[in-house]
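Below is one structure, written out as structure tokens, with a few remarks after it.
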Amino acid sequence: QTVDFGAFAGVTVYSGDLTPAELGVYFTELHPGGGLFTRVNFTNRFSGRLAINYGRVSGDDLKFDRNDDRRLSFRSDIIEVNLTGELHLFTLGKQSAGGTLTIPYVFGGVGLFKFNPQTLDNGAWVDLQPLGTEAQGIPGYDDPYQLVQYNIPMGVGIKFILNDTWTIGLEFGGRKLFTDYLDDVSDTVINYQDLIKGNGPQAARLSNPRIIDQDADVTYFRGSPYKDWYYMGGLTVAYNITGGAKSGGGGPKLGCPTF
């Protein structure tokens, strides 16, 4: 067994109720992301990894020619901690030759993430979850959604073991979520008067900016029932602290024991 410490740097993007159907347009909402991880290489075929990552996601109807539609927008910072396993598909290169080893892999596991959707209101960023824009907390409607939830990270990558010390790689993965409120938008059927009386005028205004008359008695829904996703992709760099990423050991480095 060998142990790596490493860093991830790349981009984050989301898929949900405020993204368009055209895949290529997603890239207008890319944001920087990054994190740190430790990885234990149990065998030549399998590694385990514990990571903490940060990223931002956002969506805006006005950017996708939806001027006459919902007029909704959001942003959310995400902090996640996940535990994943890497299954090495095969290895290219020879250890005895001293060259670079190339290893494509797939990964999957479990994670915990924290999010907090916000939107601009009169020039200031406002937290949406406490407002209850889909009538959360009002009798007859759902309870407020939780801002810390589980996810399932999964994806693909390729890593290049350069020598006994350094490994670099490229990775892209999605996070299957169990909430539809990463963007604060779902398919709840809302009565405007219930919302304005129960959660106040600001919640009602941000729930449906098209409604100007506060006395309007209308019923509407804003999104779909499908769960949201977010994705992270980028470059990984890892330093082997136990020695022997290629040779399978070789003694301690930095005072850390081998396994």
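All of these numbers come straight from a predicted model, not from anything done at the bench.
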Side chains of [X] and [Y]: closer than 4.5 Å at any heavy-atom pair?
X: Leu147; Y: Pro117; value: yes
X: Arg175; Y: Asn82; value: yes
X: Asn240; Y: Thr167; value: no
X: Tyr54; Y: Thr12; value: no
X: Glu29; Y: Tyr14; value: no
X: Tyr220; Y: Leu195; value: yes

Leu89: which other cluster members, linking ILVMFWY side chains closer than 4.5 Å, directly or transitively?
Leu87, Phe90, Leu92, Val106, Val156
So, using salt bridge (Lys or Arg N to Asp or Glu O under 4.0 Å) as the criterion, who are the partners of [X] when residues are at least two apart?
X: Glu86; value: Arg39, Arg49, Lys159
X: Asp184; value: Arg222
X: Arg56; value: Asp77
X: Asp142; value: none

Check the surroundings of atom CZ in Phe42: do more than 12 heavy atoms from other residues, nucleotides or ligands lie under 6.0 Å from it?
yes
Do other residues, nucleotides or ligands put more than 12 heavy atoms under 6.0 Å from the CD atom of Gln146?
no
Contacts satisfying ring pair (Phe, Tyr, Trp, His ring centres under 6.0 Å) that involve residues 103-137 (not counting sequence neighbours) are Phe113-Phe115, Phe113-Tyr230
Please report whether the ring centroid of Tyr239 lies less than 6.0 Å from that of Trp166.
yes
Verdict with supporting geometry, Asp17 and Arg70, salt bridge (charged side-chain N to carboxylate O under 4.0 Å, His left out)
CA-CA 11 Å; Asp17 294 290; Arg70 299 165 300 185; 5.1 Å; no
